[in-house]
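Reading through the structure tokens given below for one structure.
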Amino acid sequence: MAALLLTVFVALTFLTCVPGGEGLDLLRTSTTSGNASSAPAVLCRCSTYPNVTLCWWPEPPHSPPLHYVISYSERHKPGSVNMCTPSPPSSSSSSSSSSLSSSSAQQLWRCHLPSLKLYTDYIVNVTAVYPAGTSSHLTSFMLEDIVKPDPPEGVTVSHHHGRKFLVQWNPPPTWNNLDLFPLKYHVQYQWESRDGPRSVNLGPFENTSVELKALGLGRLYLFQVCAEDLLGLGQCSDWSSPAQLHTPHTTTQL
Ligand SMILES: *[C@@H]1O[C@H](CO)[C@@H](O)[C@H](O)[C@H]1NC(C)=O
Ligand SMILES: *[C@@H]1O[C@H](CO)[C@@H](O)[C@H](O)[C@H]1NC(C)=O
Ligand SMILES: *[C@@H]1O[C@H](CO)[C@@H](O)[C@H](O)[C@H]1NC(C)=O
Ligand SMILES: *[C@@H]1O[C@H](CO)[C@@H](O)[C@H](O)[C@H]1NC(C)=O
């Protein structure tokens with residue numbers, strides 16, 4: 001009879017497309033006697049195609065679960081289930097956290113999925129286990145859709161010759177298959193004009209430098225670079241940290 005007093009809560013959210021290509025939010029189920037919102041919100045990203053895929057989700061602030069069970073399987077082979085061992089949120093910034101810099105303020109659990117097959121639909125099931133029940137989040141993706149490199153590093157801009165300037169950068173160090181899966185780069189520069197902020201986007205470029213000829217005099221420019229898979233898989237990385245350039249006020253200063 002006690003079972004009758006339990007309010008068993010079953011909530012389903014179908015097919016929400018997550019903007020930013022971090023996987024298709026397939027299904028959220030909650031079978032706890034508590035709260036549907038306690039299903040973890042999972043995002044997945046491939047920061048090194050094809051072999052480094054990371055899924056992450058924030059620790060629910062109100063009621064942390066006892067533990068998580070993470071499994072993944074090919075969508076069309078539901079029998080072949082693999083398990084993933086999650087890493088708890090930690091205050092120390094590990095190397096893998098570089099790919100999550102935009103969300104590093106939050107306490108994130110993470111799971112590395114090794115060696116996924118190319119052009120294959122996967123389903124990842126992150127289940128939070130509570131004393132009173134479980135709460136699962138299913139997310140589905142194909143590796144090619146969730147590619148997002150880490151940003152390029154070491155962006156510099158220097159005077160080249162005449163009124164020409166050279167912007168240079170290094171590929172993201174985490175992208176370790178550069179020979180097999182080259183990157184292309186987009187360059188953005190911004191400055192303040194009388195009419196407000198202005199920006200110019202250049203590229204894509206396959207090499208790691210670009211010469212600029214038409215910068216105005218006496219301005220402060222900010223240059224940033226993003227990296228994208230050469231074939232256009234997934235999306236461009238976040239913008240790199242900016243490099244600054246003060247152009248001189250007169251050409252005689254060049
Ligand atoms: C349900 O979740 C909300 C927001 O996360 C929280 O404020 C509330 O206390 C939760 N209720 C239960 C019964 O856990
Ligand atoms: C990914 O592949 C590259 C090149 O094949 C290799 O150097 C690297 O160690 C691999 N990384 C992982 C995490 O498997
Ligand atoms: C997700 O994983 C949990 C825990 O292993 C399991 O109980 C549940 O049935 C799984 N959900 C689906 C839809 O496979
Ligand atoms: C980079 O590539 C572009 C076109 O692909 C070329 O015009 C440019 O000269 C190259 N820059 C360097 C520094 O090699």
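Counting convention: from 1, in listed order, for ligands and their atoms alike.
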Look at the aromatic rings of Phe205 and Trp169 and report parallel, tilted or perpendicular, splitting at 30° and 60°.
tilted
Contact (N/O only, under 3.5 Å) between Ser136 and ligand 3
no
Only heavy atoms of Leu138, strictly under 4.0 Å: list the atoms of ligand 3 that pass.
13 (C)
Is there a donor-acceptor pair closer than 3.5 Å between any side-chain N or O of Glu228 and the backbone N or O of Lys184?
no
Cysteines Cys55 and Cys111 with SG distance under 2.5 Å
no
Counterpart residues, ring-ring contact (aromatic ring centres under 6.0 Å, His included), relative to Tyr68 (two or more places apart):
Trp57, Trp109
Backbone or side chain, does any N or O of Thr127 fall under 3.5 Å from an N or O of ligand 3?
yes
